[in-house]
Number of protein chains: 2
Amino acid sequence: MTNETIATAAETAHRELWYPEREDITIYGILAALSDPTRLEIVRTLARHEERCPFDFLDITSKQNLTHHFKVLREAGLIKSRYEGRKKFVWLRRDVLDELFPGLLDGVLGALDATSEPRP
Amino acid sequence: MTNETIATAAETAHRELWYPEREDITIYGILAALSDPTRLEIVRTLARHEERCPFDFLDITSKQNLTHHFKVLREAGLIKSRYEGRKKFVWLRRDVLDELFPGLLDGVLGALDATSEPRP
DNA sequence: GGCATAGTACAATACATCTTGTACAAAAGA
DNA sequence: TCTTTTGTACAAGATGTATTGTACTATGCC
């Protein structure tokens, strides 16, 4: 309600993004956001990079769909983004996540790595 | 398809339950199953008990809804159940889960405990 | 057998989600 | 300014989910 209003207004203004309040970040939202293969792959790749990544650093789906998934990740509290010129950069909110849900991200990413094929 | 056929047939026969093959248990399915508050509460409680728990050991929603959520958990690979007389008992598949996705369940449950109010 | 109890099946509702197509806005460069 | 690039907004369709109500099956006990 209030959140939605703010989000809509800010996003219509373009180049201004809404983020959830710290107390509105839930473990359910995080887990739901991570339960999609595309998004989990995004998060996994972001976690491997110290620096911010360009919006389309992964070529795994359509542009519109990437926008959608990044929005889900952002509204769940997992990522932050910023525009620089025409480009958009994205990064993981490790600080907040590790503080709110210690061990969660490491547990998920660790299990994911243990599952995946060994990388070269 | 094949799975659905088997599942339907077995469940129609009643008192016979279908479980996913080991290779069909995915981290996405696990995370999706855990992303619901009711189910996460179920799993958290099961994790605290060494022994099997009766079907309705948690009084948090309707009977039919419990059946639904236990089915989701079972088909995701998280739990096993068994009938004894009229009663149904449920337990967590810690062995399989820790082997397939090491650190996942501990990470989620640890984060959940860190989030929750301290218990007496 | 008759009856109560435990859990399921099924249908219906309401709602969220993923994906794609079309159209648009904002910035950069000529 | 005109054009290209980058990402969004919006709508539509297909699909999945959470919940409840009604009816049913299976078991145990009298």
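Reminder, nothing fancy here: chain letters follow the sequence lines and each chain counts from 1.
Atom OH of B/Tyr83 is separated from atom P of C/dG7 by 9 Å (rounded to the nearest Å). One interatomic measurement links the two molecules: CZ of A/Arg82 to C1' of D/dT6, which rounds to 17 Å at whole-angstrom precision. When the P atom of D/dA18 is taken as reference, atom CZ of B/Phe70 falls 14 Å away, rounded to whole Å. Separating the CG atom of B/Leu17 from the P atom of C/dA9 is a distance of 9 Å, rounded to the nearest angstrom. Separating the CD atom of A/Glu75 from the P atom of C/dC18 is a distance of 12 Å, rounded to the nearest angstrom. If you measure from atom NZ of B/Lys71 to atom P of D/dG16, you get 13 Å, rounded to the nearest angstrom. When the C1' atom of D/dT8 is taken as reference, atom NZ of A/Lys88 falls 9 Å away, rounded to whole Å. To the nearest angstrom, P of C/dA26 lies 19 Å from NZ of A/Lys87.
Here the side chains of A/Leu104 and A/Leu31 are in contact, with some heavy-atom distance below 4.5 Å. Residues A/Leu17 and A/Ser81 are in side-chain contact: their nearest non-hydrogen atoms beyond the backbone lie under 4.5 Å apart. Contact check for B/Leu105 versus B/Ile30: no side-chain heavy atoms found under the 4.5 Å cut-off. Counting heavy atoms from C-beta outward, A/Glu41 and A/Leu58 have side chains that approach closer than 4.5 Å.
Proximity of B/Ser62 to the phosphate of D/dT20: a side-chain N or O atom is located under 4.0 Å from OP1 or OP2. Contact between the side-chain N/O atoms of B/Thr67 and the OP1/OP2 oxygens of C/dG7 is not found at any separation under 4.0 Å. Taking 4.0 angstrom as the limit, B/Thr61 places a side-chain polar atom (N or O) nearer than this to OP1 or OP2 of D/dT20. Of the side-chain N and O atoms in A/His69, one or more sit less than 4.0 angstrom from OP1 or OP2 of C/dT19. A sub-4.0 Å separation between OP1 or OP2 of C/dG7 and a side-chain N or O of B/Ser81 is absent.
Partners of B/Glu23 according to the side-chain contact (heavy atoms from CB on, under 4.5 Å) rule, which considers only residues two or more places apart in sequence or in another chain, are B/Glu21. Checked against side-chain hydrogen bond (donor to acceptor under 3.5 Å, both in side chains), B/His69 has the following partners two or more places apart in sequence or in another chain: B/Arg39. Partners of A/Thr26 under the side-chain contact (heavy atoms from CB on, under 4.5 Å) rule, at least two apart in sequence or in another chain, are A/Tyr28. Residues forming a salt bridge (charged side-chain N to carboxylate O under 4.0 Å, His left out) with B/Lys87 (at least two apart in sequence, or on another chain): B/Asp56. Looking at residues two or more places apart in sequence or on another chain, you find no ring pair (Phe, Tyr, Trp, His ring centres under 6.0 Å) involving B/Tyr19. With sequence neighbours left out, B/Ser62 forms a side-chain hydrogen bond (donor to acceptor under 3.5 Å, both in side chains) with no residue at all.
Considering only side-chain atoms of A/Asn65, the nucleotide from D/dT20, D/dT8, C/dT19 that sits closest is C/dT19.
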Between the protein and nucleotides 11-17 of chain C, which nitrogen or oxygen pairs are less than 3.5 angstrom apart?
none

Distances for protein N/O vs nucleotides 28-30 of chain C N/O pairs under 3.5 angstrom?
{"residue": "C/dA28", "atom": "O4'", "partner": "A/Arg86", "partner atom": "NE", "Å": "3.4"}

Interface polar pairs with nucleotides 22-24 of chain D, N/O, under 3.5 angstrom:
{"residue": "D/dT22", "atom": "O4", "partner": "B/Gln64", "partner atom": "NE2", "Å": "3.3"}

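Annotation: ring pair (Phe, Tyr, Trp, His ring centres under 6.0 Å) contacts involving residues 32-55 of chain A, sequence neighbours excluded, comprise A/Phe55-A/Phe70.
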In residues 91-102 of chain A, what donor-acceptor pairs under 3.5 Å come from side-chain atoms, sequence neighbours left out?
{"residue": "A/Arg94", "atom": "NH2", "partner": "A/Asp106", "partner atom": "OD1", "Å": "2.7"}
{"residue": "A/Glu99", "atom": "OE2", "partner": "A/Arg22", "partner atom": "NH1", "Å": "2.8"}

